[in-house]
Amino acid sequence: MDNAMKRTKIHVLRQLENSPGQVLVKGWVRTRRDSKEFSFMEINDGSCLKNIQVIAGQDLENYVQIQAVSTGSAVSVEGLLVASPGKGQKWEIQAQRVEIINLAPDSYPLQKKRHSDEFLRTIAHLRPRTNKYGAIFRIRSEMAFAIHQFYNKKGFRYLTTPVITGSDCEGAGEMFRVTSLSPEAVKKSGIMDFKADFFGQESNLTVSGQLSAEMFAMALGDVYTFGPTFRAENSNTSRHAAEFWMLEPEMAFCDLQQNMDQAEELVKALSVHALENCEEDMDLFLQFVDKSLPDRLNTIIHQPFARLSYTDAIEILQTSKKEFEFKVGFGIDLQSEHERFLAEDYFKKPVFLTDYPKTIKPFYMRVNEDDKTVAAMDLLVPGIGELIGGSQREERLDVLEKRMDEMNLPKESYWWYLDSRRFGSVPHSGFGMGFERFLMLISGIKNIRDVIPFPRTVGSIDF
RNA sequence: UCCCCAGUAGCUCAGUUGGCAGAGCAAUUGGCUGUUAACCAAUGGGUCCGCGGUUCAAGUCCGUGCUGGGGAGCCA
């Protein structure tokens, strides 16, 4: 290859106002059509949704081989960038040299037509080469960056909390056990001897970085964690995965209202960021994936989210004419149908529900003056359900210890957590947002498996 | 884990009261052509998800298992 020539990515080429003349592109052939004296090749290099059209003429020395280039093949093309006389594209490349880097056999599974999401899940290693999956994974990348940018601008510090944890009762669901004990040794002795295990005690994959984040909020002020989270729940739905990414901001000197303000600002800012920075990829979803998406995003960005207490929500559900499968009443956790009714039918926009009964919420949430409810907040969004769960944390040592006693939690193993309430305890709040659920919200993709590069779910860990 | 639905060519699907296994797209070959998921023609392509049963005969009916999808629970 000509080392003097530098490769230009297709997203750069497509934005050019004037032709630089000679260009070099490398990518994969999406489709090829023959004409009388030349071949049309559409090349995609993953830098953007769109392809660049290459005109490979019969005067090329390897024209016979070029005519055999199949969908999925990798090529390197050097030629002149010229205005395209055809419709549908501004530029095209008049090839002077086409190097076939790799010829894909006709068994290449991706065809020049629409494939079902279910089929593409069975070839998760190849699906990012399609328009839709290429688009969502570019958006996923951009959104991860946007999260860091959002909090960096606000003066938050990024905190990486442990993936392996020693606490076995964080109460957020079933946990994956981490061990270095060999199955043979365990079978032989008949017991899991945790004292002989790597950490000398039971250890698990994290279900939340919140407790760690609270410690750092008491030191650095405003922090956030953003990383992988693991749940060993046997849940088989389109909204759950065993491994997912969660964003968890934690803020000192912050009450429940300010917590909701933060969450609402975040969701709005990220949505705007997606539309402004992933315009071409977002258009694919706005136009073809979910017809209701433009309205939904417009509502999210421009309308204030609804805010009401759990008690008021129960009132609305009880007085609504809608027939529910499950009865509602104070003290009962809301069912999916209730949450959907509130977000999709009643308010038709994201809804914060606050002040849930303390009996259905974790120990760390701040007990309200009524001693019946806690300063919790869940953000319910149309189409997804719960996107965010958060609370003002219980900063009063005596109240917190009483709650832990009520819930039979071993205070001694939370000694360090309780220390934060002993030494300079202040009101503070935080929340967790499922990153994949947010991606589903802004893309209209209906299954969480389709916004994760290689999803891990019950009974499925291929790739 | 529970409820419902599905599994037929590489992909998407049709297949009637049980009676010879089908279509479109893809692939291959040829034709045509500054084409846009190009077009036209021909050809090849099957463990009808697995196992067991009913029947003269099962893609079709029954049982069971597996896989996938939708919903519920749990949650982010």
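Per chain, numbering begins at 1; letters A, B, ... match sequence-line order.
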Report the nucleotide, chosen from B:rA72, B:rC75, B:rG68, that has the shortest atom-to-atom distance to any side-chain atom of A:Arg231. B:rC75

Mind checking who B:rG24 pairs with, Watson-Crick or G-U wobble, both distances under 3.5 Å? B:rC11

Indicate for each nucleotide in nucleotides 39-47 of chain B, in 5' to 3' sequence, whether protein heavy atoms under 4.0 Å reach the base (B), only the sugar-phosphate (S), or nothing (-). ---------

Side-chain atoms of A:Ser238 come closest, of B:rG68, B:rG70, B:rC75, to B:rG70

Looking only at side-chain atoms of A:Arg437, point me to the closest of B:rA72, B:rG34, B:rC75. B:rC75

Do A:Phe244 and the base of B:rA76 stack face to face, with centres under 5.5 Å apart and an angle between planes under 30°? yes

Given B:rG34, B:rC74, B:rA38, the nucleotide with the shortest approach to the side chain of A:His240: B:rC74

Counting the atoms with a prime plus P, OP1 and OP2 as sugar-phosphate, which does A:Ile384 contact under 4.0 Å by heavy atoms, base, sugar-phosphate, or nothing? nothing

Nucleotide nearest A:Asp333 (side chain, heavy atoms from C-beta), chosen from B:rC75, B:rG34, B:rG69: B:rC75

Under 30°, 30 to 60°, or over 60°: which ring-plane class applies to A:Phe137 and A:Tyr133, parallel, tilted or perpendicular? tilted

Any strand: nucleotide that pairs with B:rG68 via Watson-Crick or wobble, under 3.5 Å: B:rC5

Give a yes or no on whether A:Arg340 atom CZ has more than 12 heavy-atom contacts from other residues, nucleotides or ligands under 6.0 Å away. no

Under 3.5 Å, is there a donor-acceptor pair between the A:Arg393 and A:Ser391 side chains? yes

Counting the atoms with a prime plus P, OP1 and OP2 as sugar-phosphate, which does A:Ser235 contact under 4.0 Å by heavy atoms, base, sugar-phosphate, or nothing? base

Knowing that exactly one of A:Thr311, A:Thr373, A:Asn368 qualifies, which makes a side chain to side chain donor-acceptor pair (under 3.5 Å) with A:Asp355? A:Asn368

What protein N or O atoms touch nucleotides 8-11 of chain B N or O atoms at under 3.5 angstrom, if any, and at what distances?
residue : atom : partner  : partner atom : Å
B:rG10  : N2   : A:Gln111 : OE1          : 3.0
B:rG10  : N2   : A:Gln111 : NE2          : 3.2
B:rG10  : N3   : A:Gln111 : NE2          : 3.1
B:rC11  : O2'  : A:Lys113 : NZ           : 3.4
B:rC11  : O2'  : A:His115 : ND1          : 3.4
B:rC11  : O2   : A:Lys113 : NZ           : 2.5

Watson-Crick/G-U partner (both atom distances under 3.5 Å) of B:rU55: none

When both distances are under 3.5 Å in a Watson-Crick or G-U wobble arrangement, the nucleotide paired with B:rA37 is none

Does either side chain, that of A:Gln262 or that of A:Gln258, offer a donor lying less than 3.5 Å from an acceptor on the other one? no

By ring-ring contact (aromatic ring centres under 6.0 Å, His included) - contacts of A:Trp28 (at least two apart): none

